[in-house]
Enquirer: 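Once you've had a glance at the structure underneath, I'll fire off some questions.
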Amino acid sequence: MKNLIPIALLCWAILCRATVALGQSAAENYPDDPASIEQPGVPKGEVLKFTFDQSKIFPGTWREYWVYVPAQYRSDKPACVYVNQDGIQWKAPTVFDNLIHQGQMPVTISVFVAPGRVRAANPDKALDRYNRSFEYDGLGDAYARFILEEILPAVETQKTSDGRSIRLSKNGNDRAIGGSSSGAVCAFTAAWERPDAFSRVFSAIGTYVGLRGGDRYSTLVRKTEPKPIRVFLQDGANDLNIYAGDWWKANEAMERALMFAGYEVEHVWGEGGHNGKHGTAVFPQAMRWLWKDWPKPVTTGKSKNQFLSDMLLPGEGWQPAGSAAQATSKTQKPGRAVLGPNGTTYVLANTTKQVLAYDASGREKVVVRGITGTDLVVAHNGNGYLLAADRADHRSRLYLIRPTGEKIEVDEGLNGATGIALTPDQTQLYALESATHWVWIYQINPDGTLGSKQRYGWLHVPDTAENAGASAITCDREGRVYIATRLGIQVLDQLGRVNAILPVPGGQPTRITFEGTDFKTLTIRCGDKLFSRTLTMQGVKPYEAPVKPATPRL
């Protein structure tokens with residue numbers, strides 16, 4: 001009898017599994033939302049079909065796209081916009097007819113875009129190049145720019161069958177984007193890269209896995225300062241689990257990441273597989289939720305990321321701070337100025353390959369000759385560290401410049417180094433490599449030379465580059481390290497871990513400093529413009545007495 005108990009339990013387990021399996025099959029038969037069914041008395045919109053083959057962003061591609069124009073649209077006012085990848089899905093025209101008629105979403109022109117193909121010259125002998133994964137699965141702003149700069153302008157050149165001009169709102173709060181599978185991660189990427197252009201995302205069975213970097217999102221969302229995006233997620237427990245990852249768990253991870261980061265997120269989980277059945281069933285629900293309270297703007301939430309909470313002031317963002325040319329003219333010195341102890345200003349005068357020093361009274365002194373300096377930092381004890389990029393192979397050198405003017409080479413071979421900074425206690429030195437994703441660290445020996453060199457900080461790299469593009473570095477008094485990179489300002493803790501990412505306006509930042517009377521104003525340079533924002537943290541002045549930060553959390 002004892003031996004029968006485990007067998008009985010095993011049989012019960014097998015029966016349960018079989019029942020669940022049958023239940024999963026049945027779960028793929030979803031009830032229709034009334035909005036997915038044509039209703040009597042509801043005005044029908046028009047669907048227009050076009051082709052597009054003039055892309056400069058995806059050269060050589062040909063594709064079809066469809067434009068839904070609701071019956072209620074009038075050309076005297078720009079309409080809201082919904083963009084969908086993979087063409088028409090979700091019974092969307094019928095859903096929009098019903099929801100617009102019921103006042104559950106605004107008057108919305110919808111654009112359904114097929115993925116591009118580079119068509120073979122001889123289709124009998126060769127295949128087209130199918131561009132779907134390249135366009136949809138990759139991170140970066142290319143697809144968002146394609147929609148904003150090419151497809152939507154093309155749509156606005158068209159007219160309805162009765163001659164109405166098509167006018168689309170340019171306000172991101174009036175625009176949504178969605179898709180299925182790779183089209184879903186593509187929709188999220190477009191909003192992530194351009195939240196000013198798309199504030200509402202519908203994601204069905206989203207491909208947040210390791211095809212072309214989508215698996216990074218659950219981490220990036222947690223680290224990055226929140227953006228004004230509202231997201232509706234759908235997936236099923238029987239979604240794909242293949243070489244690139246587990247779609248079901250990846251969608252759960254995205255939902256948890258979005259909630260952690262303070263986003264307004266809704267989700268519907270089911271038992272379905274990698275198909276559009278459940279997505280079609282919930283599409284009306286998703287549209288009602290995404291457009292709820294419109295035209296009230298989608299707002300930015302509060303992240304649970306402690307690093308961000310500790311640094312940022314509520315409601316305080318980047319503000320224009322003038323032009324780089326104006327800032328340079330104020331120094332009235334022949335190059336980049338760096339402050340040192342006792343009121344001394346050092347200048348990298350690269351046109352003459354010199355480092356100059358100006359004392360408090362303005363008297364000039366040549367400190368170094370024959371070196372093109374990339375960056376300079378001067379410690380409280382008067383020792384300076386000069387980063388030089390005067391080698392033909394782009395390898396950089398580090399020099400110790402003693403107060404006496406003695407120059408000692410202390411390292412060489414950094415790969416395109418761009419910036420250096422002292423730790424707050426002035427016992428270690430950071431150095432950036434623009435050609436990799438690494439931040440190096442050195443121990444400063446008692447005689448000022450460097451030792452214990454190590455790859456220390458690990459920076460995030462965008463999908464569109466082979467390196468982080470680190471260009472400038474600074475520290476605060478608590479030991480945080482702020483680095484200007486292609487992804488914005490990446491903020492590391494003392495252990496070299498990126499805890500936070502601050503997106504920036506105006507392109508890639510190339511300079512970063514703490515300024516202001518309390519040294520809490522973080523100022524960056526993007527192109528020829530300066531931007532600044534006030535933080536709770538106070539920057540380090542390396543020329544002042546060293547500061548010992550608190551012991552880091554391991």
Side-chain angles (χ1 to χ4, degrees), residues 35-36 38-39 42-52 54-55 63-115 143-180 183 186-187 190-191 194-202 229-230 232 283-284 286-298:
S36 297
E38 291 187 12
Q39 303 291 342
V42 174
K44 291 185 179 181
E46 178 179 30
V47 176
L48 308 168
K49 182 179 180 180
F50 306 100
T51 60
F52 184 77
Q54 300 298 312
S55 179
R63 75 193 67 227
E64 296 174 318
Y65 70 94
W66 296 259
V67 179
Y68 162 85
V69 182
Q72 296 86 346
Y73 168 69
R74 300 293 178 266
S75 59
D76 60 344
K77 181 181 179 182
C80 291
V81 180
Y82 173 80
V83 176
N84 197 84
Q85 281 56 249
D86 286 314
I88 298 176
Q89 297 174 309
W90 327 120
K91 303 179 182 177
T94 297
V95 172
F96 292 151
D97 285 342
N98 288 319
L99 295 185
I100 292 170
H101 176 69
Q102 295 162 6
Q104 295 182 328
M105 64 180 287
V107 173
T108 302
I109 290 176
S110 303
V111 184
F112 305 92
V113 187
Y143 191 80
R145 290 191 296 108
F146 167 69
I147 295 295
L148 297 171
E149 298 171 19
E150 297 186 339
I151 287 295
L152 296 187
V155 169
E156 290 193 298
T157 67
Q158 311 294 349
K159 293 182 182 293
T160 62
S161 60
D162 60 6
R164 284 172 290 164
S165 299
I166 295 178
R167 298 177 61 204
L168 307 175
S169 174
K170 305 299 188 293
N171 185 339
N173 191 56
D174 296 341
R175 297 200 284 203
I177 187 166
S180 173
C186 178
R194 292 294 304 273
D196 62 311
F198 298 104
S199 63
R200 306 160 199 271
V201 176
F202 173 61
I229 305 171
R230 180 182 291 170
F232 189 103
F283 185 70
M287 290 298 104
R288 294 185 188 102
W289 184 81
L290 287 172
W291 291 107
K292 67 176 182 173
D293 300 330
W294 182 90
K296 183 179 178 181
V298 174

Enquirer: Using modelled atom types and a 3.5 Å cut-off, is there a donor and acceptor pairing between side-chain atoms of Y68 and backbone atoms of T94?
Expert: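 Flag not set: sc Y68 to bb T94 has no pair under 3.5 Å.
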Enquirer: Please find the pair of heavy atoms, one from S180 and one from Q89, that lie closest to each other, and give the distance.
Expert: CB-NE2, 3.7 Å
Enquirer: So, taking the atom named CD1 in I229 and the one named CZ in R194, what distance separates them when rounded to the nearest 0.5 Å?
Expert: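 Here the interatomic distance stands at 12.0 Å.
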Enquirer: Can a donor-acceptor pair be found between the side chains of T160 and D162 at a distance below 3.5 Å?
Expert: yes
Enquirer: CD of E150 to CG of L152: how many Å apart, nearest 0.5 Å?
Expert: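 It is 10.5 Å, given to the nearest 0.5 Å.
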Enquirer: Any donor and acceptor pair, going by atom type alone, linking the side chain of Q85 with main-chain N or O of G178 inside 3.5 Å?
Expert: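 Side chain of Q85 to backbone of G178, a donor-acceptor pair under 3.5 Å: yes, one is there.
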Enquirer: With a 4.5 Å heavy-atom cut-off, do F96 and M105 have their side chains touching?
Expert: yes
Enquirer: Flag the pair N84 / W90 as yes when at least one side-chain heavy-atom distance between them is below 4.5 Å, and no otherwise.
Expert: yes
Enquirer: Looking at the rings of F232 and F283, which for Trp means the six-membered one, are their centres under 6.0 Å apart?
Expert: no
Enquirer: Could you measure the distance from the NZ atom of K91 to the OG atom of S36? Nearest 0.5 Å is fine.
Expert: 5.5 Å
Enquirer: Kindly say whether L168 contributes a backbone atom to a donor-acceptor pair with the side chain of K170 at under 3.5 angstrom?
Expert: yes
Enquirer: Give, for atom SG of C186 and atom CZ of F146, the distance between the pair rounded to the nearest 0.5 Å.
Expert: 9.5 Å
Enquirer: So do the side chains of D174 and P106 get within less than 4.5 Å of each other, counting heavy atoms only?
Expert: no
Enquirer: Quick check: do F198 and L148 have side-chain heavy atoms less than 4.5 Å from each other?
Expert: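 Side-chain contact under 4.5 Å: yes.
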Enquirer: Just by modelled atom types, is the S161 backbone N or O under 3.5 Å from a matching donor or acceptor in the E46 side chain?
Expert: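 Side chain of E46 to backbone of S161, a donor-acceptor pair under 3.5 Å: yes, one is there.
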Enquirer: Between C80 and W294, which heavy-atom pair has the shortest distance, and what is it?
Expert: SG-CZ2, 3.4 Å
Enquirer: Looking at side-chain heavy atoms only, is the closest gap between W66 and P93 below 4.5 Å?
Expert: no
Enquirer: Is there a side-chain contact between Q104 and M287 (heavy atoms, below 4.5 Å)?
Expert: no
Enquirer: When you measure from the side chain of D97 to the backbone of G45, do you find a donor-acceptor pair of N or O atoms at a distance under 3.5 Å?
Expert: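 Checked: pair present.
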Enquirer: To the closest 0.5 Å, what do you measure between OG1 (T108) and CG (L99)?
Expert: 9.5 Å
Enquirer: Taking the side chain as everything from C-beta on, heavy atoms only, tell me whether I109 gets closer than 4.5 Å to P70.
Expert: yes
Enquirer: Assert yes or no for the condition that the ring centre distance of F202 to Y82 is strictly below 6.0 Å.
Expert: no
Enquirer: Kindly give the heavy-atom pair with the smallest separation between A35 and P284, and that separation in Å.
Expert: CB-CB, 3.8 Å
Enquirer: As an exercise, state the distance from NZ of K44 to CG of N98, rounded to the nearest 0.5 Å.
Expert: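 Spacing of NZ (K44) from CG (N98) equals 10.0 Å.
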Enquirer: Out of the candidates R230, R200, K296, only one should pair with N173 under the side-chain hydrogen bond (donor to acceptor under 3.5 Å, both in side chains) rule; please name it.
Expert: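 Per the side-chain hydrogen bond (donor to acceptor under 3.5 Å, both in side chains) rule, the option paired with N173 is R200, out of R230, R200, K296.
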Enquirer: So, do I100 and V107 sit near enough that their side-chain heavy atoms are less than 4.5 Å apart?
Expert: yes
Enquirer: Counting only N and O atoms by type, is there a donor-acceptor contact under 3.5 Å from the side chain of R167 to the main-chain atoms of E156?
Expert: no
Enquirer: If you compare all heavy atoms of A71 against all heavy atoms of R164, which two are closest, and at what distance to 0.1 Å?
Expert: O-NH1, 4.0 Å
Enquirer: On a heavy-atom basis, which atom in R63 and which in A114 lie closest, and how many Å separate them?
Expert: NH1-O, 3.2 Å
Enquirer: Donor-acceptor pair, distance only, cut-off 3.5 Å: does the side chain of R175 make one with the backbone of S199?
Expert: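 No, R175 side chain to S199 backbone: no donor-acceptor pair under 3.5 Å.
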